[in-house]
Protein chains: 2
Amino acid sequence: MSHADQSLRERILQTSRTLLYSQGHLALSMRSIAKEVGVSATSIYLYFDNKDHLLHTLIEESVEELSVFIEDKVLQATTVVDKFTENIRAYVEFALTNPEKYQIIYNVHPEAMSRYPKEKFRKARRCYELLVGFIEEGVAKGLMEVANPVIAAYSIWAQLHGVVSVVINQRLDNRIDRDLFVQESLDHIVQGFLVRSTV
Amino acid sequence: MSHADQSLRERILQTSRTLLYSQGHLALSMRSIAKEVGVSATSIYLYFDNKDHLLHTLIEESVEELSVFIEDKVLQATTVVDKFTENIRAYVEFALTNPEKYQIIYNVHPEAMSRYPKEKFRKARRCYELLVGFIEEGVAKGLMEVANPVIAAYSIWAQLHGVVSVVINQRLDNRIDRDLFVQESLDHIVQGFLVRSTV
DNA sequence: TAGAATGGGTTAACACTGTTAACTTAACGA
DNA sequence: TCGTTAAGTTAACAGTGTTAACCCATTCTA
């Protein structure tokens, strides 16, 4: 019974994830995964072309999870502005409460990313299109002012990534409170797009 | 004459830099450096504790170069707002025109960073303190509105890093023009801090 | 001036890494 | 029962960072 409950492929993915979370991505070698699964290292190659392919599959999973998380949070908001801010807030919340999963998406082998087809990021684009929609709606209703919603959404995403990276990678100055930093950064990013009526 | 002109230490650093720029950081191994320098791999250990130490020295150099570049650009500006925006613009300009050097700072072995003392980033903090100064001056003159200049400066830095990373790591959507994206992102980041008098 | 110590390098080796080729072994279809 | 296929194995290659032991010329000292 080598394929007890899960298939070997699933067991490899699950073990990789666990190993990645617990030991960090430096400890993630084909042999370490195989040892944990209880199989030979080369067996992994029966299901994945190479390590990049394996990592990329993991990334896809994390992206999917992030998307679902954001979509769920956004559904609970009512107004456009709320959905917009909730989208942004949820992104950061996911990243900061699941730093390991977030790291998988952005920090694990950036060189592996460039080697793989961009089409695979369709899922990631899903919740990004969501944001574009909110901005377009906000602009239509005169609540936001932005030149190009598509670019704006990407810009927001990039800025959020920057804020999150700094926090996660612990590059933040000791003198600065983490939560305050995140809060003020988000405020600035969000407020920059809203028409100043409430202020 | 083993120490012909430069010391061996300097030749190792120079070669590492060149190798890093031309081949990417995946190709940077102790043996590849040594081979290029014309010396045995273990000789590197006479001048650097380990590979992390070597990389960290390279990072320090890039940080220094970035600082000097920004300081130089800022000196050419006159008004506070100009200095502020020029500081931001210069950061991005350096990153996009010297992606390899920028990558050294942020992308080369992030795990190596956490192992090294934060004090070494004093130099990086130099041009960061510069930005804090501009913000404080801007606030004092009623040109900018920000709650906490120190946090604001860090937030700007993080957001810029995000924008730059997305561009450099080619995670930008094909449909989006690179320069336009950078320009709009910068506009948004800068405008978010200025008091809306000119708009 | 002979001998010890030292600075600046060397080679050999260890324990890892991703990956490939060749082999085994069990199950299944004709 | 034979041939084929699927799913796994072991052995090996070339590369990695790093350490230990050694060599050798220069310099300091008795």
Side-chain angles (χ1 to χ4, degrees), chain A residues 1-20 22-59 103-104 107-116, chain B residues 1-20 22-59 103-104 107-116:
Chain A
M1 339 250 152
S2 61
H3 51 296
D5 293 311
Q6 300 172 297
S7 71
L8 180 51
R9 187 191 138 96
E10 286 310 311
R11 282 160 61 211
I12 290 171
L13 284 174
Q14 181 56 47
T15 302
S16 300
R17 232 174 286 132
T18 310
L19 224 51
L20 214 40
S22 59
Q23 315 282 347
H25 78 275
L26 279 182
L28 192 77
S29 73
M30 300 302 253
R31 284 176 174 84
S32 69
I33 298 169
K35 187 175 184 180
E36 192 72 16
V37 173
V39 89
S40 84
T42 52
S43 294
I44 301 177
Y45 289 87
L46 297 173
Y47 302 95
F48 303 94
D49 293 349
N50 45 45
K51 192 181 183 183
D52 276 3
H53 183 201
L54 171 59
L55 289 177
H56 196 261
T57 306
L58 288 173
I59 292 172
Q103 302 258 31
I104 290 181
N107 270 5
V108 171
H109 270 215
E111 57 273 10
M113 303 301 294
S114 57
R115 282 202 287 269
Y116 267 86
Chain B
M1 338 244 151
S2 60
H3 51 295
D5 293 310
Q6 299 172 297
S7 72
L8 180 50
R9 187 191 139 94
E10 287 308 313
R11 281 160 62 210
I12 291 171
L13 285 175
Q14 180 57 46
T15 302
S16 301
R17 234 174 285 132
T18 310
L19 226 50
L20 215 39
S22 59
Q23 316 281 347
H25 78 275
L26 281 181
L28 192 77
S29 73
M30 300 301 254
R31 285 176 174 83
S32 69
I33 298 168
K35 188 175 183 181
E36 192 71 18
V37 173
V39 90
S40 83
T42 51
S43 293
I44 301 177
Y45 289 87
L46 297 172
Y47 300 96
F48 303 94
D49 292 349
N50 45 43
K51 193 181 182 183
D52 275 3
H53 183 201
L54 170 59
L55 289 177
H56 197 261
T57 306
L58 288 173
I59 291 172
Q103 302 258 32
I104 291 182
N107 271 4
V108 172
H109 270 214
E111 57 272 10
M113 303 303 294
S114 56
R115 282 202 288 268
Y116 267 87

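Chain naming here is simple, since letters A, B, ... match the order of the sequence lines and numbering starts at 1 in each. Keep in mind the model is a prediction, meaning the values are calculated, not measured.
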Atom pairs and distances, donor-acceptor, side-chain atoms in residues 33-41 of chain A, under 3.5 Å, two or more places apart:
residue	atom	partner	partner atom	Å
Ser40(A)	OG	Thr42(A)	OG1	3.1
Ser40(A)	OG	Ser43(A)	OG	3.2

Between [N] ([atom2]) and [X] ([atom1]): distance, integer Å:
{"X": "Phe48(A)", "N": "dG8(D)", "atom1": "CZ", "atom2": "C1'", "value": "16 Å"}
{"X": "Leu8(B)", "N": "dG7(C)", "atom1": "CG", "atom2": "P", "value": "16 Å"}
{"X": "Ile33(A)", "N": "dG18(C)", "atom1": "CD1", "atom2": "C1'", "value": "11 Å"}
{"X": "Ile44(A)", "N": "dG18(C)", "atom1": "CD1", "atom2": "C1'", "value": "10 Å"}
{"X": "Leu46(A)", "N": "dT5(D)", "atom1": "CG", "atom2": "P", "value": "17 Å"}

Checklist entry - Between Ser32(A) (side chain) and Leu28(A) (backbone), is there a donor-acceptor pair under 3.5 Å? => result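 Not confirmed, Ser32(A) side chain does not pair with Leu28(A) backbone.
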Checklist entry - For nucleotides 11-26 of chain D, read 5' to 3', which letter fits each nucleotide if B means a protein heavy atom sits under 4.0 Å from the base, S means only the sugar-phosphate is that close, and - means neither? => result BB---BBBB-------
Checklist outcome for this item: dist His53(A):NE2 -> Thr57(A):OG1 (nearest 0.5 Å) comes out at 4.0 Å
Checklist entry - If you round to the nearest 0.5 Å, how far is CG of Leu8(B) from CD1 of Ile44(B)? => result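 One finds 8.5 Å between CD1 of Ile44(B) and CG of Leu8(B).
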Next on the checklist: Using the rule given for side chain to side chain contact (heavy atoms under 4.5 Å, CB included), can you reason through Met30(A) versus Tyr45(A), listing the C-alpha separation, both sets of side-chain angles and the distance that settles it, and then say yes or no?
Outcome noted: CA-CA 9 Å; Met30(A) 300 302 253; Tyr45(A) 289 87; 3.5 Å; yes
Next on the checklist: Tell me whether the side-chain N/O atoms of Ser40(A) come closer than 4.0 Å to OP1 or OP2 in dG8(D).
Outcome noted: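 Checking Ser40(A) against dG8(D): no side-chain N or O falls below 4.0 Å of OP1 or OP2.
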Checklist entry - Looking only at side-chain N and O atoms, does Tyr47(A) come under 4.0 Å of OP1 or OP2 in dG8(D)? => result yes
Next on the checklist: Is there a side-chain hydrogen bond (donor to acceptor under 3.5 Å, both in side chains) between Arg17(B) and Gln14(B)? Walk through the geometry before answering.
Outcome noted: CA-CA 5 Å; Arg17(B) 234 174 285 132; Gln14(B) 180 57 46; 2.6 Å; yes
